[in-house]
Asks: 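My questions will all concern the structure given below.
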Amino acid sequence: LPSRSRPSAASGARRAVVGLGVTLALFVLGFVGLRMYLDSQWYVGISNGRVAIFRGVPTEVAGFELNSLVVETRIPAAEATSLEIYRETLPEGITATDRADAESIVDGIERDVDQARPDRT
């Protein structure tokens with residue numbers, strides 16, 4: 001029988017380093033891809049009791065928020081969610097296609113809240 005040469009410790013270590021490098025590269029690519037995806041997502045939600053515009057998605061994974069606050073308006077969230085149309089959607093986050101769309105949604109919320117105020121003149 002032909003003798004089989006055993007892989008040397010150096011070649012096993014080399015394979016482990018290459019495997020670790022590939023794993024790390026895949027992790028970095030996944031992180032960069034996720035970051036790019038999140039940066040392209042917009043929604044209108046609630047921050048500190050006010051209607052706000054966020055970049056990202058309205059969720060949390062392993063304690064990490066997948067969004068960041070962009071603009072906190074002066075519109076009270078309680079007034080907006082008192083309206084049927086925003087009662088469930090605003091706390092969950094209203095998806096926007098981009099920042100301009102999010103600003104348009106906020107303008108609509110502001111109009112609706114102003115119209116619903118009893119002291120409206």
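Since the model is a prediction, treat every value here as computed from it, not as a measurement.
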Asks: Linking directly or through intermediates, with side-chain heavy atoms under 4.5 Å: list the remaining ILVMFWY members grouped with Val71, chain and number order.
Replies: Trp42, Val44, Ile46, Val51, Ile53, Val70, Ile75, Leu83, Ile85, Tyr86, Leu90, Ile94, Ile105, Val106, Ile109, Val113
Asks: If I compare all heavy atoms of Glu72 with all of Ser47, which pair ends up nearest, and what's the gap?
Replies: OE1-OG, 2.8 Å
Asks: Can you name the closest pair of heavy atoms from Asn67 and Tyr43 and give their distance?
Replies: ND2-OH, 3.1 Å
Asks: Determine whether Leu34 and Val61 fall in the same hydrophobic cluster, where Ile, Leu, Val, Met, Phe, Trp and Tyr are linked whenever their side-chain heavy atoms lie under 4.5 Å apart.
Replies: yes
Asks: Any salt bridge linking Asp114 with Arg111? Criterion: basic side-chain nitrogen under 4.0 Å from a carboxylate oxygen.
Replies: no
Asks: Between Arg35 and Asp39, is there a side-chain N and carboxylate O pair less than 4.0 Å apart?
Replies: yes
Asks: State plainly whether the residues Glu110 and Arg74 are in salt-bridge range, i.e. N to O under 4.0 Å.
Replies: no
Asks: Would you mind listing every salt bridge (charged side-chain N to carboxylate O under 4.0 Å, His left out) that reaches into residues 46-63, with sequence neighbours excluded?
Replies: none
Asks: Is it true that Met36 and Leu66 fall in one hydrophobic cluster, defined by side-chain heavy atoms closer than 4.5 Å?
Replies: no
Asks: Any donor-acceptor pair under 3.5 Å linking the side chain of Thr23 with the backbone of Gly19?
Replies: yes
Asks: Restricting to pairs with a member in residues 90-105, which pass salt bridge (charged side-chain N to carboxylate O under 4.0 Å, His left out), not counting sequence neighbours?
Replies: Arg99-Glu103
